[in-house]
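The structure appears below as structure tokens.
Since this is a predicted model, take the numbers as computed values, not measurements. Basis for what follows: all heavy atoms, side chains included, without hydrogens, waters or symmetry-related copies.
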Amino acid sequence: LMLSACLLLQPAVAPVEFAQSAAGPDATTAFTGATIIDGTTRAPIANATLLVRGGRIVAVGPSSAVSVPAGATRVHLAGRHVIPGLINTH
């Protein structure tokens with residue numbers, strides 16, 4: 001019963017797909033326009049940019065404060081939320 005209630009409450013969300021950059025392992029990707037929840041007690045950041053270079057997060061913040069380098073792949077996430085990875089260790 002609990003599982004079915006959780007499934008009913010889960011919204012239908014289409015996954016975001018983006019092309020793998022041909023630039024290699026040091027490619028830079030900017031995820032823009034999302035609301036970012038960082039998992040702390042801080043308020044969510046609306047219209048944020050998350051900058052990833054070489055598979056690592058190098059900058060995150062309001063879009064007005066994060067510079068996206070020329071040539072970076074942009075993934076527009078307006079209307080979506082980004083949260084830290086959740087791990088169930090049970």
Legend entry - Spacing of NE2 belonging to His81 relative to CD1 belonging to Ile37, to within rounding of 0.5 Å: 5.0 Å
Legend entry - Nearest atoms (heavy-atom pairs only) where Thr32 meets His76: OG1-ND1, 3.1 Å
Got a list of side-chain donor-acceptor pairs under 3.5 Å for residues 38-48, not counting sequence neighbours?
unit_1	atom_1	unit_2	atom_2	d
Asp38	OD1	Thr40	N	2.9
Asp38	OD1	Thr40	OG1	2.6
Asp38	OD2	Thr40	OG1	3.2
Asp38	OD2	Arg42	NH1	2.9
Thr40	OG1	Arg42	N	3.1

Legend entry - Rounded distance [0.5 Å steps], CZ in Arg56 versus CG in Asp26: 11.5 Å
Inset, instruction - Report whether Val68 and Ile57 are members of the same hydrophobic cluster (ILVMFWY, side-chain heavy atoms less than 4.5 Å apart, transitive linking). - result: no
Inset, instruction - Establish, from distance only, whether the side-chain atoms of Thr73 and Thr29 form a donor-acceptor pair under 3.5 Å. - result: no
Inset, instruction - Taking all non-hydrogen atoms of both residues into account, name the closest pair between Val66 and Val60 and its distance. - result: CG2-C, 3.8 Å
Inset, instruction - Verify side-chain contact (heavy atoms from CB on, under 4.5 Å) between Val52 and Phe31, making sure each step is shown before the conclusion. - result: CA-CA 8 Å; Val52 178; Phe31 297 91; 3.8 Å; yes
